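Data block below; observations after.
All chains are named by letter (A, B, ...) in the order of the sequence lines, taking the proteins before the strands, and each is independently numbered beginning at 1. Because the structure is a prediction, the values reported are computed rather than measured.
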Amino acid sequence: MPIDLNDFDEAPPPPKQGGLASRAMAATAPPYLSGLNPEQRDAVLTIDGPLLVLAGAGTGKTRVLTTRLAHVLSQRKAWPSQILAVTFTNKAAREMKERIGHLIGGAVEGMAWLGTFHAIGVRILRAHAELAGLKSGFSILDDDDQLRLLKQLLQAESIDEKRWPARHLANLIDGWKNRGLTPDKVPAGEAFSFANGLGGKLYADYQARLKTVNAADFGDLLLEPLRIFQEHPDVLKDYQQRFKYMLVDEYQDTNTAQYLWLKLLAQGHRNICCVGDDDQSIYGWRGAEVDNILRFEKDFPGAKIIRLERNYRSTPQILGAASGLIAKNEARLGKTLHTDKEAENPVIVRGHWDGEEEARQISDDIESLQRKKLPLNDIAILVRASFQMRAFEDRFIRAGIPYRVIGGPRFYERAEIRDALAYLKVVASPDNDLAFERIINTPKRGIGDGSVKKMFDGARARRTSLYASAEAMSLEPGLPAKARTSLRQLFDSFTRWRGQLDHIPHTELAEIVLDESGYTAMWQADKSPEAEGRLDNLKELIRSMGEFENLTGFLEHVALVMDRDQGNEEDRVNIMTMHSAKGLEFAQVFLPGWEEGLFPSQRSLDEKGRAGLEEERRLAYVGITRAKQNLTISFAQNRQVHGLWQSALPSRFIDELPEKHVDVAPMTTSYGGHGLGSFGSSRFDEGKAFGQGSYSTPGWQRAQANRAAGTAARHTPKFIEGELVASSAARSDYETGTRVFHQKFGYGTITHVEGNKLTVDFEKAGEKRVLDSFVERG
DNA sequence: TGATGCTGCGTTTTT
DNA sequence: CGCAGCATCA
């Protein structure tokens, strides 16, 4: 298909550069280059040889990426089918496709290799399935399936699932796959660490099991193509020659398997362009290696590096705060964002008594923004951990502020959706044991665990799938009569449905399957409050199937695309984690909960030490750089975590914000109802130095040091090796009846002691449960 | 096979 | 504290 550049209709972004020279160039240069700044232009035009584009937050990365592709195509350097363009998420892939479509028109359709790592992995694996011991029609397991399969293996080895949870094994295996390790390559010590030395065997068994059920898990979608490349040079060569140009988005998020994969492929034409930002690498905990981006030049000798540092998103203060913070990291390539924007409001830092008040204050702020007619959609609250969201939801419900939570439980993960999909999977491929097992007795049809176990044994003995063996066993004695009857009925239905597969629309078939199987009826009969919602979800599922040509196409989509478009049409405040905010931007951003232990998360620190701290700091950087206009960072002195009151110090990240871009709001002191004053253990209580915005004066720092040495030290450590010191093993010297004093609640009398957890009847605040380390004898 | 109580646990999340 | 997952019992 010819490339039609006349279709180009995208409005240029903020130009600013519009001098004579660039206008003169625009006259001769292709139209898509106009409006790019010099670095962006360089990144677009440098198409031969390895290139790393370090694209800071808000520097027009996507635009560069898409323009670059358009450039390669319009210069006829490659056909659309010769370009490999990989992203991490479906959303990013979709967006890229759309935007390239705007630039080059219908030619995008020829870009068969634009997609997520996993989608491209499946494509390669389907083409060479037999080299991985699979058949081309293999099914893709979601992690629920994966877990069930592992549980079976653990049971087969009679391993105590309490001591060695399947979840843990799944994580280990995923980790190995992320690192490109097949069972034979896992370091002996690591493999040995699970279940007294059985870890390696279990991984090998699991892989073997996957092959027999003709299935691949998500890790395999990367690992198996990699192994094929490594073991079959002819196949590798084929792909190396095919991909004249390679483009990788979010390179800082690649794991070792993906990295190896890219490196092998790039050895063909060596035209690999990786775009990313080392400062925004926040997925180390799921296998991403920042190191991949840090050592790009070593991996690709002669590589060119272009930095995009001009930010089109945020005010100078927001950028200044972000830059000052991230500069504390050691492991980074280094890059400083700048902007031409006029100075506006400084970043606000605000302390609160407790989490409740923090939420109230933010909701008040939002109400006043609302009065100024600011769209709620432009407002976001970004938290470190999802449990923090509840305080805001509670508050917003009371205040009547509409909100949406982004990133909650996902559509395709709901039980009813999984069940429905399992039925459809069995219709499409009866040998999908995991799907069949899921629905064999859902709705209940009198086939108990015992019968299922017998059928599994039968399948193993006959070396067939569960479906086939169950079908045979339904005709023989051995199973309870009731089970046999309903099995036969079930198989009749499946045969009938399969017969209709090619004759009626797949949406209609899905309805028939759900009705005739009794699945819909099951939920209709269910009187629990959520049953109605589940039925709605099923309707929605069938509706969304209509967007696909056939059942197979739909099932493939579902396996790879677990996300779903969020209804964004209503005007609502956005609540989400900082992780899920990556890539988004909002005019008004609130970052609550900046307290030691919570953010940076104690667990990251304990598990990963300095690297963990740096990743947390990058997360803070991501959070800050989401803001366009105004940013408010806050912390609470006291927070209820797991039902216990804990006091916390302001996050070290707050101290790291450069003073000149920050305004410190006076501490809010109106603690709801109790009227307790300040107790002087924190600099923020005094509100003096802090209130004047000079919180890093020597005096202030002394106060902080004192506090750390004094009050905080008197409180025994809240955490030891990542565990909250709140176990019953810890003994308290306090006894019932003792009068105590607590920073937040004042004076009270102990009514109950349990380990180091005290129940105290406070004179003003009523009965509360607190850790003994937060009270003193009064 | 369903209901109920108990224990244990408690970042971040995509594919 | 609140929830999920399991074990136990009827």
- Query: For A:E615 and B:dT13, what is the distance between atoms CD and C1' respectively, to the nearest whole Å?
  - Reply: 12 Å

- Quick one: is A:N90 getting a side-chain N or O under 4.0 Å of the B:dT14 phosphate, OP1 or OP2? no

- Verify whether the ring centers belonging to A:Y283 and A:W285 lie closer than 6.0 Å. yes

- Message: Keeping A:E224 on the side-chain end and A:L125 on the backbone end, is there a donor-acceptor pair under 3.5 Å?
- Response: no

- Using heavy atoms and a sub-4.0 Å distance, could you list which residues of residues 112-127 of chain A are near DNA chain B? By number, please. A:T116, A:H118

- Taken in chain and number order and not counting sequence neighbours, the residues that satisfy side chain to side chain contact (heavy atoms under 4.5 Å, CB included) with A:F456 are A:Q152, A:R209, A:E437, A:V452, A:R460, A:L466

- Message: What is the distance, to the nearest angstrom, from the CD atom on A:Q646 to the P atom on C:dC1?
- Response: 15 Å

- Message: If you compare every side-chain N and O of A:N255 against the phosphate oxygens of B:dT14 (OP1, OP2), does one of them come in below 4.0 Å?
- Response: no

- Task: Run the salt-bridge test on A:E393 and A:R390 with the 4.0 Å N-O cut-off and return the result as yes or no.
- Result: no

- Query: Contact class for A:Q258 vs. all strands (heavy atom < 4.0 Å): base, sugar-phosphate, or nothing?
  - Reply: nothing

- Message: As a test of the definition: with a 90° window around 0 for syn, would you call B:dT12 syn or anti?
- Response: anti

Between protein and nucleic acid, restricted to nucleotides 2-10 of chain C and to nitrogen or oxygen atoms under 3.5 Å apart, what atom pairs and distances do you find?
none

- Task: Check every atom of B:dT13, B:dT11, B:dT15 against the side chain of A:S601 and return the nucleotide holding the closest atom.
- Result: B:dT11

- Task: Provide, to the nearest angstrom, the distance between the CD1 atom belonging to A:I282 and the C1' atom belonging to B:dT14.
- Result: 12 Å

- Task: Taking side chain to side chain contact (heavy atoms under 4.5 Å, CB included) as the test, write out the residues that go with A:N441, two or more places apart.
- Result: A:K444, A:R445, A:I447

- Of the listed nucleotides B:dT15, B:dT12, C:dC1, the one nearest the side chain of A:L560: B:dT15

- Shortest side-chain distance from A:A385, nucleotide among B:dT15, B:dT12, C:dC1: B:dT12

- Less than 4.5 Å apart, any side-chain heavy atom of A:Y206 and any of A:D217? yes

- Check side-chain hydrogen bond (donor to acceptor under 3.5 Å, both in side chains) between A:R438 and all other residues, then give those that pass, not counting sequence neighbours. A:D144, A:D419

- Query: If you look at every strand shown and take non-hydrogen atoms under 4.0 Å, does A:N178 touch a base, only sugar-phosphate, or nothing?
  - Reply: nothing

- Message: Hydrogens and angles aside, do A:D253 and A:Q280 bring a side-chain donor and acceptor to less than 3.5 Å of each other?
- Response: no

- Using a cut-off of 4.0 Å on non-hydrogen atoms, how would the nucleic acid contact of A:D143 be classed: base, sugar-phosphate, or nothing? base

- Message: Among A:R227, A:H118, A:K177, which residue satisfies the side-chain contact (heavy atoms from CB on, under 4.5 Å) criterion with A:L222?
- Response: A:H118

- Task: Let me know the distance between CD of A:E95 and C1' of B:dT14, rounded to the nearest Å.
- Result: 16 Å

- Item | A:H642 NE2 to B:dC9 C1', straight-line distance once rounded to whole Å | 8 Å

- Query: Starting at the 5' end of DNA chain B, which residue's closest nucleotide do you reach first, A:K444 or A:G219?
  - Reply: A:K444

- Using the P atom as the reference point in each nucleotide, state the distance between B:dT11 and C:dA4 in Å, no decimals. 14 Å

- Task: Can you sort out the partners of A:L172 under side chain to side chain contact (heavy atoms under 4.5 Å, CB included), two or more places apart, ordered by chain and number?
- Result: A:H168, A:W176, A:F194

- First of A:I447 and A:L619 reached from the 5' end of DNA chain B, by closest nucleotide: A:I447

- Message: Please determine whether a side-chain nitrogen of the Lys or Arg among A:K61 and A:E250 lies less than 4.0 Å from a carboxylate oxygen of the Asp or Glu.
- Response: yes

- Taking CZ from A:F387 and P from B:dT13, how many angstroms apart are they, rounded to a whole number? 13 Å

- Query: How many Å lie between CG on A:D220 and P on B:dT14, as a whole number?
  - Reply: 20 Å

- Task: Round to a whole Å and report the spacing from CD of A:E607 to P of B:dG10.
- Result: 11 Å

- Item | Contact under 4.0 Å: A:S580 side-chain N or O vs B:dT13 OP1/OP2 | yes

- Item | Nearest-neighbour nucleotide for the A:W285 side chain, B:dG2, B:dT15, B:dT12 considered | B:dT12

- Item | Pairwise P distance for C:dG5 and B:dT12, with rounding to whole Å | 15 Å

- Respond yes when some side-chain nitrogen or oxygen of A:T577 is under 4.0 Å from OP1 or OP2 of B:dT13, and no when none is. yes

